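Keep in mind the model is a prediction, meaning the values are calculated, not measured. Every chain is numbered from 1, with letters handed out A, B, ... down the list of sequences. What you see below is based on every heavy atom in this structure, not just the backbone, and it leaves out hydrogens, waters and symmetry mates.
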2 protein chains.
Amino acid sequence: METTPTTKRKPTIRDVAAAAGVSRGTVSRVINGGHWVSPDAKAAVDQAIKTTGYHANAAARSLATGRSNSVAFLLTEPQHLLFADPTFSLLLRGAAQELAQRHMTLVLLVAGTPEEHINVAQYLGAGHVDGVLLISSHESDPLLESLLSTGVPTVACGIPLGHASDIPTVSVDEIASARTATRHLVERGNQRIGMITGPADTPGGRYRLVGFRDELGDSFDPNLVEPGDYSMASGASAMAALLERAPDIDAVFAASDSMAAGAVGVLRKAGKRIPEDVSVIGFDDSGLALTVEPPLTTMRQPFEQISAEMVGLLLHVIEGGTSKSVTLPTSLVVRDST
Amino acid sequence: METTPTTKRKPTIRDVAAAAGVSRGTVSRVINGGHWVSPDAKAAVDQAIKTTGYHANAAARSLATGRSNSVAFLLTEPQHLLFADPTFSLLLRGAAQELAQRHMTLVLLVAGTPEEHINVAQYLGAGHVDGVLLISSHESDPLLESLLSTGVPTVACGIPLGHASDIPTVSVDEIASARTATRHLVERGNQRIGMITGPADTPGGRYRLVGFRDELGDSFDPNLVEPGDYSMASGASAMAALLERAPDIDAVFAASDSMAAGAVGVLRKAGKRIPEDVSVIGFDDSGLALTVEPPLTTMRQPFEQISAEMVGLLLHVIEGGTSKSVTLPTSLVVRDST
DNA sequence: GTCAAAACTGTGACCGGTCACAGTTCTATC
DNA sequence: GATAGAACTGTGACCGGTCACAGTTTTGAC
């Protein structure tokens with residue numbers, strides 16, 4: 001490997017200043033909005049930036065300003081949920097785009113194993129990022145504790161159980177959504193409606209069940225509730241359990257599309273027609289909902305809005321603004337499974 | 001909001017040096033491997049780091065060393081492919097973990113729109129990251145051109161068409177994999193085997209077709225080939241087209257599980273039983289393969305290995321090592337669709 | 001025509017590390 | 001016991017920006 005002639009040092013702000021015939025300070029001002037610089041100077045600097053091919057050095061800027069212009073996208077889910085569930089990639093993409101527009105970057109942090117946990121905690125504690133987008137934390141998440149204690153600006157996705165008031169949150173109205181889903185099944189004439197819930201230590205796991213129970217009122221039968229962990233496999237085994245306990249079940253509300261998909265597979269193997277014999281409704285409206293046969297009726301979560309709101313909120317907190325939480329509406333998407 | 005008492009300034013290397021009774025230089029040496037420092041000094045520094053709660057400032061370090069200790073995970077796919085296809089999240093997660101082990105971070109870059117393209121090019125050109133993991137680039141990708149011209153160390157996933165020798169790559173043997181898949185169908189006794197290909201400007205789109213054709217030899221019928229774009233919808237319409245052209249088709253090889261899933265839906269609606277009437281084989285072994293009914297036979301890509309190799313290779317190039325490419329084997333996973 | 005305020009510009013210190021180099025101590029060799 | 005070299009330590013310069021402040025010019029009011 002020969003040394004390329006491209007060994008020219010990267011231009012610094014001093015090079016630009018020299019080329020434009022002004023001082024570093026003026027160049028800096030032009031870069032940062034251009035206030036309080038004369039039109040002549042600004043033009044000269046703009047020109048010099050072009051000719052030199054200058055780009056500000058992020059590290060130097062961070063060091064001087066104390067801000068990194070990056071935020072962490074923090075995943076704490078155990079591994080199998082992550083790639084089983086396509087929802088997180090929607091959030092991720094949305095957040096990345098939203099941040100890019102604001103010229104900030106997104107660093108992905110995965111805290112699956114305990115070892116990763118402590119590494120992540122260290123990393124965040126060191127102040128390497130300006131803020132954290134916390135994705136779907138389980139109750140009593142130790143990471144949340146350390147986040148709160150280090151004081152890194154944080155916005156959560158889905159109300160972290162037990163910390164409702166401590167931390168700004170973007171979430172959907174779980175209870176209302178679950179009621180809507182349940183009402184839909186009732187309105188379709190179903191009588192024996194079961195539910196496959198998410199883990200009880202997650203907001204979706206807990207509150208969707210609450211909405212389900214609230215909506216059914218007196219006709220709620222605890223025997224028709226079976227827990228899952230959002231994964232397809234858990235949906236399948238939960239459905240199997242429900243079928244065994246209540247062969248006359250005529251509808252099921254799953255707290256995720258993945259679990260609904262698992263349930264559909266089991267129902268079909270059991271010879272049930274969907275929706276004639278059993279109606280199925282999911283939650284999320286992830287890409288999965290369309291791959292299932294029949295396509296799933298589901299509660300759509302506005303993932304694009306969620307990520308946009310999270311970024312907006314986080315940046316607001318980083319700027320020193322007061323923190324508030326946002327609740328977004330879901331919508332019922334009716335397809336062929338009900 | 002009252003000012004918290006936690007306004008204590010973050011400890012710097014000088015604080016640690018003072019606490020340990022040594023110089024900054026010694027502390028720096030301890031942090032970076034601890035060579036050439038006496039056991040006494042090292043112990044004192046380690047102790048001081050603990051008591052002060054010191055973490056090195058990444059920006060300062062980057063500024064001094066000229067390295068950012070971060071790499072970009074660059075997505076250039078058009079939007080709809082991204083979240084339709086779960087494969088990228090596997091790669092992403094694998095890469096993040098692999099990097100975390102080496103105390104580097106992964107910044108996610110999305111270059112979907114032309115505007116994002118130029119922003120990303122700028123960002124990379126500015127040297128904000130030490131290297132780039134390039135995910136599935138299409139031929140004549142302008143971003144690739146600018147990457148090569150800026151000289152940022154880059155490793156591609158899947159041989160970038162037209163740049164085979166310019167850039168280190170981690171890929172699977174597309175042709176051999178396609179031959180294995182095709183052979184499997186032939187061995188199952190199928191006679192009229194169709195293929196749904198990926199876009200011709202992607203390596204998977206081009207070379208899987210080559211393998212398919214090679215394996216079939218004389219019995220290859222160009223009339224039984226229909227292009228798709230890896231998405232489920234495209235798989236469905238391609239399957240519909242094939243069925244119309246060749247109602248006697250008895251097997252189909254799709255270049256992605258998503259397309260296979262789309263094909264399965266169409267086949268079932270057409271009254272075909274799978275695999276009795278038509279066998280279907282996919283590619284990837286993404287999570288999707290198990291959600292389809294029946295579960296898909298498919299060619300498994302070793303995504304964990306791919307991301308691990310990519311990171312390893314990239315870091316090697318960053319360190320100034322010579323670049324080489326790696327080809328990994330796929331494996332046939334037989335399920336119920338063949 | 002004076003003077004104050006507004007508009008603009010340049011300078012030096014600083015952010016928190018790393019690195020080269022010079023200086024010191026310790027060990028081993030003849 | 002002189003001396004070379006290894007092992008260890010401290011110092012100042014530097015990375016490339018930003019910022020506060022001081023200095024200069026322009027503008028407008030009286």
Side-chain angles (χ1 to χ4, degrees), chain A residues 7-46 48-49 52-70 103-104 122-123 125-130, chain B residues 7-46 48-49 52-70 103 123 125-130:
Chain A
T7 321
K8 225 186 296 171
R9 217 184 75 267
K10 282 233 169 69
T12 75
I13 202 171
R14 281 152 165 101
D15 299 327
V16 176
V22 299
S23 71
R24 292 156 19 232
T26 300
V27 176
S28 180
R29 267 166 235 132
V30 170
I31 296 171
N32 300 294
H35 300 301
W36 277 7
V37 326
S38 66
D40 284 3
K42 176 158 165 40
V45 170
D46 282 339
I49 287 178
T52 54
Y54 169 78
H55 287 292
N57 178 314
R61 177 174 283 167
S62 291
L63 181 56
T65 60
R67 287 197 33 180
S68 69
N69 286 308
S70 68
H103 297 281
M104 300 192 65
Q122 267 202 356
Y123 183 83
H128 292 333
V129 292
D130 296 334
Chain B
T7 320
K8 224 186 296 171
R9 216 183 76 268
K10 282 229 167 73
T12 75
I13 201 171
R14 282 154 165 99
D15 299 328
V16 176
V22 299
S23 71
R24 291 154 21 232
T26 300
V27 176
S28 181
R29 267 166 235 130
V30 170
I31 296 170
N32 301 294
H35 300 301
W36 277 7
V37 327
S38 67
D40 284 3
K42 176 158 165 39
V45 170
D46 283 338
I49 287 178
T52 55
Y54 169 78
H55 289 291
N57 177 316
R61 176 173 284 169
S62 291
L63 182 56
T65 60
R67 286 197 33 178
S68 70
N69 286 309
S70 68
H103 297 282
Y123 183 82
H128 291 334
V129 292
D130 295 334

Can you check whether B:S62 has a side-chain N or O nearer than 4.0 Å to OP1 or OP2 of D:dC15? no
Taking the axis from the first five pairs and the axis from the last five, what angle separates them in the helix from C:dG1-D:dC30 to C:dC30-D:dG1, rounded to 10 degrees? 40°
What distance do A:N32 atom CG and A:R61 atom CZ have between them, rounded to the nearest 0.5 Å? 5.5 Å
By nearest atom, which of the nucleotides C:dG16, D:dC8, D:dA20 is closest to the A:R29 side chain? D:dA20
B:T26 has its side chain closest, among D:dT18, D:dC8, D:dG10, to D:dG10
With the side chain of A:L63 defined as its heavy atoms from C-beta on, choose the nearest nucleotide among C:dT9, D:dT9, C:dG16. C:dG16
Give a yes/no on whether any side-chain N or O of B:S23 is located under 4.0 angstrom from OP1 or OP2 of D:dT11. no
A:R67 vs A:M104 side-chain heavy atoms within contact, under 4.5 Å: yes
It should be established whether A:N32 places a side-chain nitrogen or oxygen under 4.0 Å from OP1 or OP2 of nucleotide D:dT18. yes
Of all the choices, C:dG17, D:dA20, D:dA7, which nucleotide is nearest to the side chain of B:R14 once you look at every atom? C:dG17
Using a 4.5 Å cut-off on heavy atoms from C-beta on, say whether the side chain of A:R24 contacts that of A:R14. yes
When you measure only distances, ignoring hydrogens and angles, does the side chain of A:R24 come within 3.5 Å of the base of C:dT11 through a donor and an acceptor? no
Would you say the side chain of B:I31 lies within less than 4.5 Å of the side chain of B:V16, judging by non-hydrogen atoms? no
With sugar-phosphate meaning primed atoms plus P, OP1 and OP2, does B:A58 contact a base, only sugar-phosphate, or nothing at under 4.0 Å between heavy atoms? nothing
Should A:V30 and A:D46 count as side-chain neighbours, where that means a heavy-atom distance under 4.5 Å? yes
